[in-house]
2 protein chains.
Amino acid sequence: MTIHLADAGGSGTLAPCPHDYQVNCGNCRLNGICLPLALESGDIQQLDDIIQRSKPLQKSQHLYREGDGFQSVYAVRSGTLKAYKTTDDGREQVTGFYFPGEIVGMDGISNNSHASSAKALETAAVCEIPFTSLEKLSSLMPNLQRHFFQLMSREITEDQQLITLLSKNSADERVAALMLSISTRNARRKLSSTQFRLPMSRVDIGNYLGLTVETVSRVFSRMQKMDILRVDNKEIQILDVHGLQSMANLGS
Amino acid sequence: MTIHLADAGGSGTLAPCPHDYQVNCGNCRLNGICLPLALESGDIQQLDDIIQRSKPLQKSQHLYREGDGFQSVYAVRSGTLKAYKTTDDGREQVTGFYFPGEIVGMDGISNNSHASSAKALETAAVCEIPFTSLEKLSSLMPNLQRHFFQLMSREITEDQQLITLLSKNSADERVAALMLSISTRNARRKLSSTQFRLPMSRVDIGNYLGLTVETVSRVFSRMQKMDILRVDNKEIQILDVHGLQSMANLGS
DNA sequence: GTACAGCCTTGACGCGAATCAAGGACCAGC
DNA sequence: GCTGGTCCTTGATTCGCGTCAAGGCTGTAC
């Protein structure tokens with residue numbers, strides 16, 4: 001038996017990867033929802049040229065940490081990441097979960113340093129996109145520039161939805177909204193929208209939704225009792241989508 | 001007596017303004033903190049050429065409404081705006097306050113339609129920046145492209161700070177943090193950081209911070225009793241900055 | 001001046017989620 | 001197998017803020 005992965009388990013930044021894992025934007029099955037969206041094949045090739053692929057992150061390994069110098073944004077290729085900030089008193093605010101096809105790291109652009117940390121919730125692979133290269137390419141490719149503006153704008157509107165959720169909605173509504181969000185994002189990737197495994201812990205969910213673990217757990221129990229969800233540890237099955245939607249009770 | 005301002009008081013979108021109010025980016029005293037930041041004078045002229053200035057908005061007049069088609073972003077030149085979303089049940093979530101030199105409307109880029117409404121809290125003037133023109137100019141001027149990326153990224157990090165505030169901090173801490181934020185933004189514009197008039201109502205503050213009017217009012221009373229602030233209706237005087245900071249108890 | 005509307009403040013009370021506490025389930029390592 | 005650690009669940013209690021209610025203040029129109 002041969003060990004292929006040298007330098008495994010390091011907790012620092014990514015090491016460059018000697019081989020490319022035979023993946024490129026042209027043949028990646030996420031290219032319809034990821035950055036290459038709206039690019040023509042010639043342009044995709046150019047984008048592909050600036051992207052660096054490295055060995056996967058292990059569970060709980062950091063992609064970057066709060067305060068690290070900002071160099072790149074990252075497209076998630078597989079697995080899930082969480083972005084979070086740590087407050088003075090050591091508590092954690094999760095600012096987002098990132099699934100395959102989604103871009104993480106855009107909060108580092110404003111100060112040239114990352115405003116949050118990003119950590120793998122399970123084994124995860126990312127495509128590193130050096131930002132200065134992306135900027136140059138964006139100047140040449142209006143579609144890319146526009147798409148990246150749109151991605152940043154989407155991050156803004158999603159954050160604003162979370163703000164509303166935290167400010168106006170009950171614990172039940174918050175958890176229901178998160179389940180629906182995960183369901184929708186799964187559907188985008190042609191996965192089941194009614195049955196999935198949560199990549200994050202109850203603590204992470206609580207830290208994202210502004211709730212304690214106990215409350216999250218109680219909400220799951222309640223939903224199970226109402227036959228809206230079947231919950232088996234991290235396995236979730238949505239039994240009643242409409243029930244879940246009316247429980248989420250989302251504004252506009 | 002001659003009336004110069006025709007078409008006053010309309011509640012719709014901005015009417016083009018026949019004259020330019022003798023303002024341009026080159027001589028605007030906000031150009032050190034606004035979009036022209038980091039541009040050379042020749043470039044500033046080009047930026048100035050795409051900007052449309054129109055007559056001021058009256059108090060409570062809308063700049064745009066949720067769902068309106070997205071055409072432009074806006075730089076605040078004077079006065080204050082609030083951005084907000086209305087939930088199904090008619091409640092209002094304020095997503096931000098915008099002071100002179102700040103850019104509002106970036107949440108419309110992702111869907112080509114505004115995700116929130118923007119309304120003047122007092123008489124306010126804005127510079128309208130048509131987005132397609134801004135995109136073209138950005139392709140030609142790397143500094144402008146970068147700066148606009150940074151502005152969007154800052155909006156993201158600020159939203160994330162609000163998320164943390166809503167999720168982790170008490171009513172006292174939230175109000176203290178807002179007062180400090182306003183104080184800082186005043187300082188940026190060379191105004192007093194310790195004495196100012198709040199442009200927004202208690203209701204707006206509550207809708208921004210996820211609190212009720214009553215709670216906001218109680219917090220102000222408490223701060224006054226502790227000699228941290230002097231509150232006279234909308235006039236605020238910060239008596240003890242350090243007290244206010246420790247009350248805000250902000251993470252990282 | 002008076003009247004009215006909108007905004008702000010203060011008090012009494014109740015509810016929902018945090019906190020505190022205990023125990024069970026699952027997994028990795030031995 | 002057993003052990004220890006982490007994660008999850010459930011119950012009892014507490015507390016901060018929302019809700020309800022009443023009244024005062026400010027500004028504007030007349």
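In the text below, chain A, chain B and the rest are named by the order of the sequence lines, each starting its count at 1.
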Asks: Do nucleotides 18-26 of chain C as a string where each nucleotide becomes B, S or -: B if the base has a protein heavy atom under 4.0 Å, S if just the sugar-phosphate does, - if no protein is that close.
Replies: SBBB-----

Asks: Rounded to whole angstroms, how far apart are CG on A:Leu198 and C1' on D:dC8?
Replies: 13 Å

Asks: Whole angstrom is fine here: how far is it from CD1 in B:Ile236 over to P in C:dC8?
Replies: 11 Å

Asks: Among residues two or more places apart or on two chains, list those pairs meeting salt bridge (charged side-chain N to carboxylate O under 4.0 Å, His left out) that have a residue in residues 226-237 of chain A.
Replies: A:Arg197-A:Glu235

Asks: A:Ser201 has a side chain; which of C:dC8, D:dC17, D:dC8 sits nearest to it?
Replies: D:dC8

Asks: Specify the separation, in whole Å, of atom NZ of B:Lys225 and atom C1' of C:dT9.
Replies: 11 Å

Asks: With a 4.0 Å cut-off, would you call B:Arg185 and B:Glu102 a salt bridge?
Replies: yes

Asks: Are any side-chain N or O atoms of B:Gln93 and backbone N or O atoms of B:Asn207, one a donor and one an acceptor, separated by less than 3.5 Å?
Replies: yes

Asks: Partners of A:Arg188 by side-chain hydrogen bond (donor to acceptor under 3.5 Å, both in side chains), sequence neighbours excluded?
Replies: none

Asks: If I take atom CD in residue B:Gln224 and atom P in nucleotide C:dT10, what distance separates them, rounded to the nearest angstrom?
Replies: 9 Å

Asks: Take atom CG of B:Asn169 and atom P of D:dC17, then tell me their distance rounded to the nearest Å.
Replies: 10 Å

Asks: When you check the phosphate oxygens OP1 and OP2 of D:dT10, does a side-chain N or O of A:Ser221 lie under 4.0 Å from one of them?
Replies: yes

Asks: Please state how far atom CG in A:Asn207 lies from atom P in D:dC8, giving the value in whole angstrom units.
Replies: 12 Å

Asks: Between B:Arg174 and B:Ser170, do the side chains contain an N or O donor and an N or O acceptor separated by less than 3.5 Å?
Replies: no

Asks: In this structure, how many angstroms lie between the C1' atom of D:dC7 and the CG atom of A:Asp204, rounded?
Replies: 11 Å

Asks: Once you apply a heavy-atom cut-off of 4.0 Å, does B:Lys234 come out as touching a base, just sugar-phosphate, or nothing?
Replies: sugar-phosphate

Asks: Please identify which of these residues, A:Asp107, A:Thr86, A:Thr95, meets the side-chain hydrogen bond (donor to acceptor under 3.5 Å, both in side chains) condition with A:Ser116.
Replies: A:Asp107

Asks: In whole angstrom, what separates A:Met223's CE from D:dT9's C1'?
Replies: 16 Å

Asks: Restricting to side-chain hydrogen bond (donor to acceptor under 3.5 Å, both in side chains), what partner residues turn up for B:Ser117, sequence neighbours left out?
Replies: none

Asks: Starting the side chain at C-beta, find the nucleotide from C:dC8, C:dA17, D:dT9 nearest to A:Val213.
Replies: D:dT9

Asks: For B:Tyr98, enumerate each residue passing the ring-ring contact (aromatic ring centres under 6.0 Å, His included) test, keeping only those at least two apart in sequence or located in another chain.
Replies: none

Asks: Let me test you: for the helix from C:dG1-D:dC30 to C:dC30-D:dG1, what is the angle between the axes at its two ends (five pairs each), rounded to 10 degrees?
Replies: 40°

Asks: If you round to the nearest 0.5 Å, how far is CG of A:Leu211 from CG of A:Leu166?
Replies: 8.0 Å

